[in-house]
Amino acid sequence: MAGFATKRLGKELSKINSNSLPPGIELVSADNFEEWFLDIRVLDDNPLYLNQIYRLKFRFSAQYPIEPPEVTFVKLADRPIPIHPHIYSNGIICLDLLGQQGWSPVQNVESVCMSLQSMLTGNSRNERPAGDEEFVRGNRLRPKDIDFYYDDNNV
Amino acid sequence: MSKSQQLKEEGNRHFQKGDYVRAEALYSQALILDPSNPALYTNRAMARLRLSLWDSVITDCDSCLRITPDNLKAHYYLSQAHLALRAYPDALDHAHKAHKLCVASQDRSLSNITAQVLKCKKEKWDYEEKRRKRETSTLEEEMLVLLKKEKEQMLESSEEGEREELTREFDEKIARLREVFEKAREKEEKRREVPEWAVDDITFGFMVDPVITKTGKSYERAAILEHLSRSQTDPLTREPLLKSDLRSNLDLKHACEEFLEENGWAADW
C-alpha cells in the first residue's frame, strides 16, 4: 500500500496550511511524511498546565491512517512532559485512541491533538501513572506494542 | 516444468531486477512456445509498459482479452497505455472495467485501480482545460486586434473634432473586453474548493466508488476494505462492521462523477 500515507498526509498538511489549526495547537515542523512535531497548550487556567507549552512528536508508518501514528511527548529545555496519570515521564502516552484497538482511520493529526488537549484540560490529578519509574527504566518497546490497560476511564 | 514456464520464470526474475528489455525478450520466447497462455501476454505487457512501448502493450492486452475477456490485469494495463497515448475515453473505459472486475474478485489491487480511475479523469480534464485556456486567450487576442483595427479605420474616416470622442469610446471598449475575460478567469480560480461530501475520510481522496455503512456514512470502497482487513469495526462508532454490511452509494457516486466532469482538478486536490 505504498503511497497511501504520503497522499493522506499531504492532504492533511494542505488543510492545516489553508484552514489553520484550532487554538492552542500549532504545527512546528512537517518536513517529511514520517515525523511531524506539534506544540499544544491547554486553553483554560488549569493550574497543572498553566503557561506551559508541550511538544508532541508524531511518527507515521506507511500504513497510516489504517495503522495509528505513534504519538509521544518530547522533553526539551522549554517543553516539559505534562503531568498526568496516563502520561509516563518519558513522554509515552497511554490513550486508547492511539492503541491498536481504539484507533480509527477517520482520526487525524488535528483530532489527535485535540483529544490530548482535552485530556489535559480535564485532569486535576497531579500524578504519574502507577509504576512510572519502573516502566521508564525497563521499557524497550515501541509505544504501539505496549499492552496498556485502559481500565481507568475517569481521568 | 515446461520450457515456456522456465522462460517465464526467468523473465520474472529479470523483471524484478529492473531489466525490462531482457524480461520482454524472454516472455516473447515463451509465447512462441505457448501462444495461448494469457499470463504471458500480461507479463510482457507489464514489461512493455515499463519500456513505454504503448502500442505493443495494447497489442498484448488485446491478445490476452481474446483468450480471457475478463482479465483484470489486461484492462488495467490497457488503461495505462491508452492514458499515455492521451486516448482518454479508452483509458477511462478500461480503468472502469478493471475496477469492476477488481471489486468482483476482491483483488488486492483495488487501491491502485481506484487511483487509476481518478488519474484518467484528472489527465483528461487537465488536457481539456489547457485547450480551453489556450482557446480563450486566442479569442481575447483576436477580439483586441479587431477592435484596434476598427478604431484606426474610424479615426481615419472621421472629422478632426470627433476624434477625441472616438478614441475615448474605443479605449473604453477595449478595457471592458479585457475586464470581461479577466473576470471569467477569476471565477475559474474561485470555484476550486473540494466539497466535503465528495472526500473520503480515510484517504482524504476524492471518492470514486463510495460505499455506505449502517450508520449512513460513506467511504471509498478500497479504503474501508483496507481498514476492515485490519479491524472489523465501524470507523466512527467502533461497532462491529463486516464487508457484507457495505452497500454501494450510487447517488453519491453519480454526484462525485458529475462534480469531476466540471472540476477535474479535484481528482488530485
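Numbers restart at 1 for each chain; the letters A, B, ... are given by sequence-line order, proteins then strands.
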Report, as yes or no, whether the 6.0 Å neighbourhood of atom NZ on B:Lys214 holds more than 12 heavy atoms from other residues, nucleotides or ligands.
-> yes
Does A:Lys15 make a cation-pi contact with B:Phe204, if we ask for NZ or CZ under 6.0 Å from the ring centre and within 45° of the axis?
-> yes
Within a reach of under 6.0 Å around CD of A:Glu35, are more than 12 heavy atoms found that belong to other residues, nucleotides or ligands?
-> yes
B:Arg230 and A:Gln63, any side-chain heavy atoms less than 4.5 Å apart = no
Pick one of side chain, backbone, both or neither for B:Thr203, based on which atoms fall under 4.5 Å of a heavy atom in chain A.
-> both
Nearest atoms (heavy-atom pairs only) where B:Arg238 meets A:Ser104 = NE-CB, 4.3 Å
For atom NZ of B:Lys100, decide whether the heavy atoms of other residues, nucleotides or ligands shown that lie under 6.0 angstrom number more than 12.
-> no
Does any heavy atom of chain B fall under 4.5 Å from the side chain of A:Gln107, the backbone, both, or neither of them?
-> side chain
Does a sphere of radius 6.0 Å around CD in A:Gln52 hold more than 12 heavy atoms from other residues, nucleotides or ligands, not counting ones at 6.0 Å or beyond?
-> yes
Heavy atoms only: give me the nearest A:Arg8-B:Asp201 pair and the separation to one decimal.
-> NH1-O, 3.4 Å
By a 4.5 Å heavy-atom criterion (distance strictly below it), what part of A:Ser18 contacts chain B: side chain, backbone, both, or neither?
-> neither
Roughly how far, to the nearest 0.5 Å, is OG of B:Ser231 from CD of A:Gln101?
-> 7.0 Å
Please tell me if the side chains of B:His227 and A:Ile66 come closer than 4.5 Å, counting only heavy atoms from C-beta onward.
-> yes
Does atom NZ of B:Lys119 have more than 12 heavy-atom neighbours, drawn from other residues, nucleotides or ligands, at distances under 6.0 Å?
-> no
Which atom of A:Pro105 lies closest to which atom of B:Ile202, heavy atoms considered = CB-CG2, 3.7 Å
For B:Lys73, does the NZ atom sit with more than 12 other heavy atoms under 6.0 Å from it, leaving out its own atoms?
-> no
